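Below is one structure; the comments refer to it alone.
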Amino acid sequence: YSFSAPEEKTLSAVPTPEALTEKPESRNGQIESKHLYPALDLHEYTLSNGMRLVVRPTTDDSTAMFAMVSPGGYSSVQPEQLPLIESAASYIDMGGIDGVPYDALSDYLYMNDMALSTAIENDWHGFLGAFDTSRTDEFLNLLYYKMTAPELRYDDFEEIRESMLEDVG
């Protein structure tokens, strides 16, 4: 028997998608109020559309935790429509952003310590995430494009939809 060490896989650097490097037009009018909770080092912003954006640095000061929530969620949906939207967050997470396919975006997020997930709960919906504070602009651009220009993966959506219809009957 002869031992051979397993081959280590390394990921090469993933370039920042162009959409995330663009300097966005000023969105200051979209922020209605700002509030700092000093005891928690928590920053809360209320947007003109009613969503609340909450950002808090972690103890290592290079990563921030993020939540953007709005009232609503499943409780605002008629019971007979629930099966149609139960997986809406998964569908949104299924794709990247327009012009940046999911696989490329996923690699970029992994390599740069970023995460963004869509969430729909009983009384709220929104986004949860974490990011390296040196990439705040890229993260906020990602959030903006995830809401305004998501990658639409019709084939994947149709496959899942057909599977769900078969399961529901």
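Note that the structure is predicted; figures quoted are calculated from it, not measured.
For the atom pair OG1 (Thr148) and CG (Asp98), the distance works out to 9.0 Å, reported to the nearest 0.5 Å. A distance of 10.0 Å separates CZ of Phe131 from OG1 of Thr58, quoted to the nearest 0.5 Å. Rounding to the nearest 0.5 angstrom, the gap separating the CG atom in Leu36 from the CG atom in Asp41 is 7.0 Å. Taking CD of Glu22 as the start and CD of Glu18 as the end, the distance is 6.0 Å to the nearest 0.5 Å. Between Thr46 atom OG1 and His35 atom NE2 the span is 10.0 Å, to the nearest 0.5 Å.
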How far apart are the C-alpha atoms of Asp93 and Thr118, what are their side-chain angles, what is the distance that settles it, and do they pass the side-chain hydrogen bond (donor to acceptor under 3.5 Å, both in side chains) test? CA-CA 6 Å; Asp93 286 341; Thr118 310; 2.8 Å; yes

Can you list the steps and then say if Ile31 with Leu47 is a side chain to side chain contact (heavy atoms under 4.5 Å, CB included)? CA-CA 4 Å; Ile31 299 174; Leu47 306 181; 3.9 Å; yes

Could you walk me through whether Val55 and Met65 pass the side chain to side chain contact (heavy atoms under 4.5 Å, CB included) check? CA-CA 6 Å; Val55 180; Met65 303 304 289; over 6 Å; no

Step by step, would you call Tyr108 with Leu20 a side chain to side chain contact (heavy atoms under 4.5 Å, CB included)? CA-CA 11 Å; Tyr108 172 78; Leu20 301 186; 3.6 Å; yes

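The shortest non-hydrogen separation linking Met51 to Met68 is SD-CE, 3.7 Å. Here the closest heavy-atom approach between residue Asn141 and residue Ala19 is recorded as ND2-O, 3.9 Å. Here the closest non-hydrogen pair linking Ile97 and Leu105 is N-CD2, 4.1 Å. Counting all heavy atoms, side chain and backbone alike, Ala104 lies closest to Val14 at O-CG1, 4.2 Å.
In this structure, His43 and Val54 have side chains that are not in contact, with every pair of non-hydrogen atoms separated by 4.5 Å or more. Side chains of Arg135 and Thr16 form a contact here, defined as non-hydrogen atoms less than 4.5 Å apart.
The backbone N or O of Met114 sits nowhere less than 3.5 Å from a side-chain atom of Asn112 that would complete a donor-acceptor pair.
Of the charged side-chain nitrogens involved, none lies within less than 4.0 Å of a carboxylate oxygen, so that Glu44 and Lys34 do not count as a salt-bridged pair.
Neither Leu109 nor Leu128 shares a network with the other; the hydrophobic side chains, linked directly or stepwise wherever heavy atoms of I, L, V, M, F, W or Y lie under 4.5 Å apart, form separate groups for each. Neither Ile92 nor Leu142 shares a network with the other; the hydrophobic side chains, linked directly or stepwise wherever heavy atoms of I, L, V, M, F, W or Y lie under 4.5 Å apart, form separate groups for each. Side-chain heavy atoms closer than 4.5 Å link hydrophobic residues (I, L, V, M, F, W, Y) into clusters, and following such links, possibly through other members, connects Leu140 to Val100. Both Tyr110 and Phe139 belong to a common hydrophobic cluster when Ile, Leu, Val, Met, Phe, Trp and Tyr are linked at side-chain heavy-atom distances under 4.5 angstrom. Both Leu116 and Tyr45 sit in one connected hydrophobic cluster of ILVMFWY residues. Membership requires side-chain heavy atoms under 4.5 Å apart, directly or through other members.
If you check the side chains of Tyr144 and Gln30, you find no donor sitting under 3.5 Å from an acceptor.
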Identify each donor-acceptor pair in which a side-chain atom of residues 69-82 lies under 3.5 Å from a protein atom, sequence neighbours left out, and give them as a table.
| residue | atom | partner | partner atom | Å |
| --- | --- | --- | --- | --- |
| Tyr74 | OH | Glu86 | O | 2.8 |
| Ser75 | OG | Gly72 | O | 3.0 |
| Ser75 | OG | Asn122 | O | 2.9 |
| Ser75 | OG | Asp123 | OD1 | 3.4 |
| Ser76 | OG | Gly73 | O | 2.7 |

Side chains of residues 149-160: which donor-acceptor partners sit under 3.5 Å, not counting sequence neighbours?
| residue | atom | partner | partner atom | Å |
| --- | --- | --- | --- | --- |
| Glu151 | OE1 | Gly96 | N | 2.6 |
| Glu151 | OE1 | Tyr102 | N | 3.0 |
| Arg153 | NE | Asp156 | OD2 | 2.8 |
| Arg153 | NH1 | Met94 | O | 3.4 |
| Arg153 | NH2 | Asp156 | OD2 | 2.8 |
| Glu158 | OE1 | Arg161 | NE | 3.3 |
| Glu158 | OE2 | Arg161 | NE | 3.4 |
| Glu158 | OE2 | Arg161 | NH2 | 2.7 |

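For Phe127 and Phe66, the distance between ring centers is not under 6.0 angstrom.
Among residues two or more places apart in sequence or in another chain, the side-chain contact (heavy atoms from CB on, under 4.5 Å) test is passed with Thr133 by Ala64, Thr136.
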